[in-house]
Number of protein chains: 2
Amino acid sequence: MPYDPSAFPPFAVTVDLVVLTVRRHALCALAVRRGESPFQGRWALPGGFVRADEDLSQAAARELAEETGLRAHDPDAPAQEGGAHLEQLATYGDPKRDPRMRVVSVAHLALAPDLPAPRAGGDASNARWAPVDELLAQGGYGRDGEPVAPLAFDHTQILSDGVERARSKIEYSSLATAFCPPEFTVGELRRVYEAVWGVALDPRNFHRKVTGTPGFLVPTGGTTTRQGGRPAQLFRAGGATLLNPPMLRPEV
Amino acid sequence: MPYDPSAFPPFAVTVDLVVLTVRRHALCALAVRRGESPFQGRWALPGGFVRADEDLSQAAARELAEETGLRAHDPDAPAQEGGAHLEQLATYGDPKRDPRMRVVSVAHLALAPDLPAPRAGGDASNARWAPVDELLAQGGYGRDGEPVAPLAFDHTQILSDGVERARSKIEYSSLATAFCPPEFTVGELRRVYEAVWGVALDPRNFHRKVTGTPGFLVPTGGTTTRQGGRPAQLFRAGGATLLNPPMLRPEV
DNA sequence: GATCATAGTCGTCTGCCTGACGATAAACAC
DNA sequence: GTGTTTATCGTCAGGCAGACGACTATGATC
């Protein structure tokens, strides 16, 4: 069978981003308001077309920088300061997912520390951090009691998959530190786990676990009282990427 | 910004399959010989173009059926008889991965019980089950001492990612049963773990673990001596998909 | 400055799970 | 019968997690 360019249908390929952060004890995702049809005015995940000479991860990193100013880290590197963790999530290609044409979207997952207000072309009203519970309660009601429209396209599914990935991945990796600033306390790390999993963890057992796992945390020597109470030791993320044994997520 | 069809470059989208099975105590993958350029005559993973009206998972299931005759199962359903487990693996889109044109490949992972000889258009010499160690030893030497050419395109990377996914997934899910026939013994299941992980497991502790995990195995009442020795109980896969606590992979 | 509220840190105890490994059972080959 | 192979049950010690008590060091409040 010779090579025949007409033998395959043309596709558009996009990257969509699930950018997660923890704000005020809640897991939040970056949402942008669509300015054009279809789904005009609805909230959606940030994303865009992959360029002709771009790798998928490059396209995702470019979109992330455009939307948040964050630089991406290599997914295999341990979480570090001054950038976000970025990894491929999954690919969505239902023939009807975009009414305009055949679009295959390669979704990526980004985890970032708490950030200043997002930017979307300089217009703050068109981008926001929204609690994932709110975004996923499609057809439900937000915190202010107003009805909430579901996300555009299949973005509710993509966001749901991204949140699930994050929830499971912080169990057996040190990824939770990607939600923290460069230096953080054990309590701040615990609040990340509590926000992502939506549970309360015992501070004493958590402290024992994370400080006892070799390579997870490295003390910097400093302390802080920014959370109130007794001064807490400051840590950086250590070199370990896999936690063995893993953090155990309380059932249900 | 209005909709502009010329604003995005056209891509070809394919699905490639990592089809794994366990044969003669070794983890094997399905490989097909390329009949055309590029990489003519080299071994590659099976795959093909996604059709215009097809979802990605449909395309993967179609390719799987064409190459092996297997029907695919829903990834969320527990492993069951008479078909293969099929799930999306990852997407590969380096601009140079195919010298002919811009191709994005959505790789899928399939796990199947030991099968009769593969078929590739009826020509058995163009499809085979090969031990993954052999396929991944690119530029190395096979069991017969002859030099082995690496797989075509980036298929070595895809296969490596698929094997790693399978290795980690049987830790915390009941997926290992997808490698087994509808009814199997504890010993047969143990040999699956040993082949996939490449380690030896203690038969007594393994037996205690799998029979003690609720929902993992359901006894059928029958016994078999097909492995020799004392008759062993036959089991079916139970309804559980997640193992908690997981199977522990011995270190290194 | 005493008291209180808030966080952080160290210990103890108990139960469960795992790894190591002994012992027994039931088939087949000779 | 004897030996070999595989399956299955039991025992024991060590490690880890959950529950929870106790103490420490700040800032806030009276």
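Convention: sequence-line order gives letters A, B, ...; per-chain numbering from 1.
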Trainee: If I take atom CD in residue B:Q233 and atom C1' in nucleotide D:dC9, what distance separates them, rounded to the nearest angstrom?
Mentor: 12 Å

Trainee: State which of D:dT8, D:dT6, C:dA27 makes the closest approach to the side chain of B:Q227.
Mentor: D:dT6

Trainee: Verify the contact: side-chain N or O of A:R190 to OP1 or OP2 of C:dG8, cut-off strictly under 4.0 Å; return yes or no.
Mentor: yes

Trainee: Take atom CZ of A:F206 and atom P of D:dC16, then tell me their distance rounded to the nearest Å.
Mentor: 17 Å

Trainee: Given side chains that start at C-beta, do those of A:S173 and A:T241 come closer than 4.5 Å, heavy atoms only?
Mentor: no

Trainee: Using heavy atoms to find the nearest nucleotide of DNA chain D for B:T211 and A:P245 separately, return the residue whose nucleotide is more 5′.
Mentor: B:T211

Trainee: Record whether the side chain of A:R204 comes under 3.5 Å of the base of C:dG8 through a donor-acceptor pair of N or O atoms.
Mentor: no

Trainee: Without decimals, in angstroms, what is the distance between B:D202 CG and D:dG10 C1'?
Mentor: 13 Å

Trainee: Does a side-chain N or O of A:H207 approach OP1 or OP2 of C:dT9 to a distance below 4.0 Å, or not?
Mentor: yes

Trainee: Determine the contact category for A:R191: base if any of its heavy atoms lies under 4.0 Å from a base atom, sugar-phosphate if only primed atoms, P, OP1 or OP2 are that close, otherwise nothing.
Mentor: sugar-phosphate

Trainee: Round to the nearest Å and state the distance from A:L201 atom CG to D:dA17 atom C1'.
Mentor: 13 Å

Trainee: If we only count heavy atoms from C-beta on, is the A:R191 to A:V22 side-chain gap below 4.5 Å?
Mentor: no

Trainee: Take atom CG of B:L189 and atom C1' of D:dT6, then tell me their distance rounded to the nearest Å.
Mentor: 16 Å

Trainee: Under 4.0 Å between a side-chain N or O of A:R208 and OP1 or OP2 of C:dG8?
Mentor: no

Trainee: If you find the nucleotide of DNA chain C closest to B:L248 and the one closest to A:G229, which residue's nucleotide is nearer the 5' end?
Mentor: A:G229

Trainee: Between D:dC16 atom P and A:R249 atom CZ, what is the distance in whole Å?
Mentor: 22 Å

Trainee: I want to check one thing: is the phosphate of D:dC16, taken as OP1 and OP2, less than 4.0 Å away from some side-chain N or O of A:K209?
Mentor: no

Trainee: Closest to the A:N205 side chain: D:dC20, C:dG8, D:dT26?
Mentor: D:dC20

Trainee: Side chain of A:A232, heavy atoms from C-beta onward: which of C:dC21, C:dG8, C:dA26 has the nearest atom to it?
Mentor: C:dG8

Trainee: Taking CZ from A:R226 and C1' from D:dA28, how many angstroms apart are they, rounded to a whole number?
Mentor: 20 Å

Trainee: Round to a whole Å and report the spacing from CG of A:N244 to P of D:dG15.
Mentor: 15 Å

Trainee: Taking the side chain as C-beta and beyond, is there a heavy-atom pair between B:T156 and B:L136 under 4.5 Å?
Mentor: yes

Trainee: Working to the nearest 0.5 angstrom, can you tell me the gap between A:L189 CG and A:F179 CZ?
Mentor: 11.0 Å

Trainee: Between the base of D:dA25 and the side chain of A:R230, is there a donor and acceptor pair under 3.5 angstrom?
Mentor: no

Trainee: Under the 6.0 Å and 45° cation-pi test, does B:R128 pair with B:W43?
Mentor: yes

